[in-house]
Amino acid sequence: MTEEKSLNFLEEIIEKDLKDGKHESIVTRFPPEPNGYLHLGHAKSICLNFGLSLKYGGYTNLRFDDTNPVTEETEYVENIKSDVQWLGFQWKNELYASDYFTQLYEFAETLIKKGLAYVDDSTPEEIAAQKGSPITPGSDSPCRGRNTEENLRLFREMREGKYKDGEKVLRAKIDMGHTNMHMRDPILYRIKHAHHHRTGDAWCIYPMYDFAHGQSDAIEKVTHSICTLEFVPHRELYNWFIEKLEIYPSRQYEFARLNLTYTVMSKRKLLQLVNEGHVSGWDDPRMPTISAMRRRGYTPESIRDFCDKIGVAKRDNLIDISLLEFCVREHLNKISLRRMVVFDPLKVVITNYEPGKTEWLPSENNPEGDQTTRQVPFSQVLYIERDDFMEVPPKKFFRLAPGQLVRLKSAYIIRCDEVVRNADGSISEIRCTYFPESKSGADTSGLQVKGTLHWVAASTAVPVEVRLYDRLFKVEDLSVMEGDFRDYLNPDSLKVISNAFAEPALKDAGGSDHYQFLRMGYYCLDPESTPQKLVFNRTVTLRDMWAKETKKS
RNA sequence: UGCCCGAUGGUGUAACUGGCAACACGCUUGAUUUUGAUUCAAGAAAGUCCAGGUUCGAGCCCUGGUCGGGCAACCA
């Protein structure tokens, strides 16, 4: 009884290919360049590529597109691998475009021998000029007529290191008047006397993306090479190489990249935020990177669910971040342990409770799941949230106010009798009476209250630090804003509560556990946390109808 | 002044491939609730960019527009 779900355009293509017998199973690949961290946009691509091969029987390779030694580093390779695995996917083969350098070099010689590539001595400026513009045809390079022998000799000399960076390039010989700019004699190889993270100094010429990607797909017999929309114009060239080199005909398909409200999703901009110190690093919990989201408390399940819900198509899109938040809340609600933490304490003294006495009261760990409980200490002096008390409450204020009754979660109903002030007039504590017969689980008081508050007993409270994250940017759609994207950074994206009070059960907080601090949102332990100083990250707030209500008036 | 994509509620994705638009998020209202959470119920919201055409019938097909995006790194 599988739920009948309509197919996206990629699934339609694959099902047709399978039905027509074009393929018996499919091979996809996830091809990151190791020059940055993976972000949510990559997660969409990962879920697609791995999801498709899982669904249709086949496999997915992890292939690092490492053709540019000057920007790529091993550190990125390791992080990318762990992010993919954390998301819950396993590749069939771990591969590198650099594994194919010898083969790609031979492909280049093949093209030269076929008279389809030539060595060009033009400068970068000259080549740019020769390209023309989208509306004007380009012009031939003076070197375009070089004969095969000379091209071969020169190309071999390029490889041997006879020339300096930029002195020569290898170009495909296609058509400088082509309407597709990418077909105007694109560069195939350039000289870079640079150390490569894997091949070391074995090479001083490196293939360009276009000459490496498609051929790598072919070598791996990738059936469906799925990439984002900006590569649509490259497809013609992709197919040209397949035809001229007579290699395995992988096919490229493109989908629209993910855009999210209130954030940026480009590696360049994210790198800038890191380098300029707007965030603490690639895994700063405000970043849309996978590692940041993991640190913030997102679960792989929720990210996969999100990628599933946003769908795949070819039109530009801007996904509302509230969908992402919905996905985490939905998962966290099911798995998180409930705990009580007071962020902004207001002292409450229960005047009719025996001083020095402590009662340990059971409270459920998760009302949605198993019915296990933990013990919470109750005593005469407590803390509640300052926001949960008002001297002159508005009409629908269900919390504590003079004369008003409220339940303390898993404990007793209390009534506020008196407000005690400091010399400056601020409230120092409030004095309440409790109703012994209203004890949670054994309530015979018959009292009805509209509100329930979280609380912490003062004597056993554990001081903790809580980091509250908000959206990184102030505006929903950065793409339509004028000026620099950094002008729109949200100055309040991080708020640190260094002295919150937690119930003692939180002393045993584990690294991978997710918590719901009652009425305060979902949290997890930050890696910077120590047993002496617990540090929690807010993953996401709870939905808050009351906040909406108060905002209205 | 070119070539290539795309256009369905506020957002995203559907519509059995031609039979008068569905699902999710968001929003509103109500019920339940020892989390103003969760859960549940109800509701508002597009007549499918425009104009023609084909057809008994078009969001799906054709033609012409309009609007949006992409394309000229020795980046990927």
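What you see below is based on every heavy atom in this structure, not just the backbone, and it leaves out hydrogens, waters and symmetry mates. Letters A, B, ... are given to chains in the order of the sequence lines, protein chains preceding strands, and every chain is numbered from 1.
Within the 4.0 angstrom heavy-atom criterion, only backbone atoms of the sugar-phosphate kind lie near A:Asp316; the bases stay farther away. Within 4.0 Å (heavy atoms only), A:Thr71 reaches no atom of the nucleic acid at all. Using a 4.0 Å heavy-atom distance criterion, A:Gly138 is classed as making no nucleic acid contact. A:Glu33 comes within 4.0 angstrom of the backbone, heavy atoms only, and of no base. Residue A:Val169 is classed as a base contact, given a heavy-atom separation below 4.0 Å to a base. If you check every strand for non-hydrogen atoms under 4.0 Å, A:Lys192 touches sugar and phosphate atoms only. Among the atoms of the strands shown, base atoms are found under 4.0 Å from some heavy atom of A:Gln516. Looking at heavy-atom distances under 4.0 Å, A:Val312 makes contact with sugar-phosphate atoms alone, never a base. Within 4.0 Å of A:Ser336, counting heavy atoms only, lies no atom of the nucleic acid at all. The residue A:Asp443 sits apart from the nucleic acid: no heavy atom pair falls under 4.0 Å. A:Phe231 comes within contact range of at least one nucleobase, with a heavy-atom separation under 4.0 Å. Counting non-hydrogen atoms under 4.0 angstrom, A:Ser322 reaches the backbone sugars and phosphates but no base. Using a 4.0 Å heavy-atom cutoff across all strands shown, A:Arg184 reaches no nucleic acid atom at all. Residue contacts for A:Gln448: at a heavy-atom cut-off of 4.0 Å it reaches no nucleic acid atom on any strand shown.
A:Asn365 pairs in a side chain to side chain donor-acceptor pair (under 3.5 Å) with only one of the listed residues (A:Gln371, A:Arg338, A:Arg339), which is A:Arg339. Results of the ring pair (Phe, Tyr, Trp, His ring centres under 6.0 Å) test with A:Tyr209 over A:Tyr189, A:Phe241, A:Phe231, A:Tyr238 single out A:Phe231 as the only residue that passes.
If you take CD of A:Glu368 and P of B:rC40, they are 10 Å apart, rounded to a whole angstrom. Straight-line distance from the CG atom of A:Asp544 to the C1' atom of B:rU38: 14 Å, rounded to whole Å. Rounded to whole Å, the distance from CG on A:Leu324 to P on B:rG12 is 15 Å. Counting to the nearest Å, the P atom of B:rA76 and the NE2 atom of A:His182 are 13 Å from each other. Atoms CD (A:Glu236) and C1' (B:rC4) sit 9 Å apart, rounded to a whole Å. A:Asn259 has its CG atom 17 Å from the P atom of B:rG68, to the nearest Å. If you take CH2 of A:Trp455 and C1' of B:rU34, they are 12 Å apart, rounded to a whole angstrom. The distance between atom CZ of A:Arg407 and atom P of B:rG36, rounded to the nearest whole Å, is 13 Å.
Each of B:rU13, B:rA24, B:rC71 was ranked by its minimum atom distance to the side chain of A:Lys309; first place goes to B:rA24. Comparing atom distances between the A:Leu542 side chain and each of B:rA37, B:rA72, B:rG2 picks out B:rA37 as nearest. For A:Met545, the listed nucleotide lying nearest its side chain is B:rA37; candidates were B:rC75, B:rU34, B:rA37.
We find that A:Lys168 and A:Glu157 are not joined by a salt bridge, their nearest charged nitrogen and carboxylate oxygen being 4.0 Å or further apart. Between A:Arg251 and A:Asp17, none of the side-chain N atoms (NZ, or NE/NH1/NH2) sits under 4.0 Å from a carboxylate O, so this pair counts as no salt bridge.
Using C1' as the reference atom, B:rU54 and B:rC16 are 23 Å apart when rounded to the nearest Å.
Annotated as anti: B:rU66, whose glycosidic dihedral deviates from 0 by more than 90°. Taking syn as a glycosidic angle within 90° of 0, B:rG47 qualifies as syn.
Taking the six-membered ring for Trp and the full ring otherwise, A:Tyr515 and A:Tyr523 have centroids separated by 6.0 Å or more. Less than 6.0 angstrom separates the ring centroid of A:Tyr434 from the ring centroid of A:Tyr412.
Taking 4.0 angstrom as the limit, A:Lys548 places a side-chain polar atom (N or O) nearer than this to OP1 or OP2 of B:rC27. Between A:Arg315 and B:rA7, a side-chain N or O to OP1/OP2 separation shorter than 4.0 Å is present. Neither OP1 nor OP2 of B:rU35 sits under 4.0 Å from any side-chain N or O of A:Arg329.
For A:Arg144, the CZ atom is densely surrounded, since the number of other residues' heavy atoms within 6.0 Å is greater than 12.
Nearest-nucleotide mapping onto RNA chain B: of A:Arg519 and A:Leu323, the residue sitting toward the 5' end is A:Leu323. The residue among A:Val449 and A:Ile319 whose nearest nucleotide of RNA chain B lies closer to the 5′ end is A:Ile319.
A donor-acceptor pair under 3.5 Å is absent between the side-chain atoms of A:Asp344 and the main chain of A:Glu385, judged by distance alone.
In this structure, A:Tyr209 forms no aromatic stack with the base of B:rA76, since the conditions of centre separation below 5.5 Å and plane angle below 30° are not both met.
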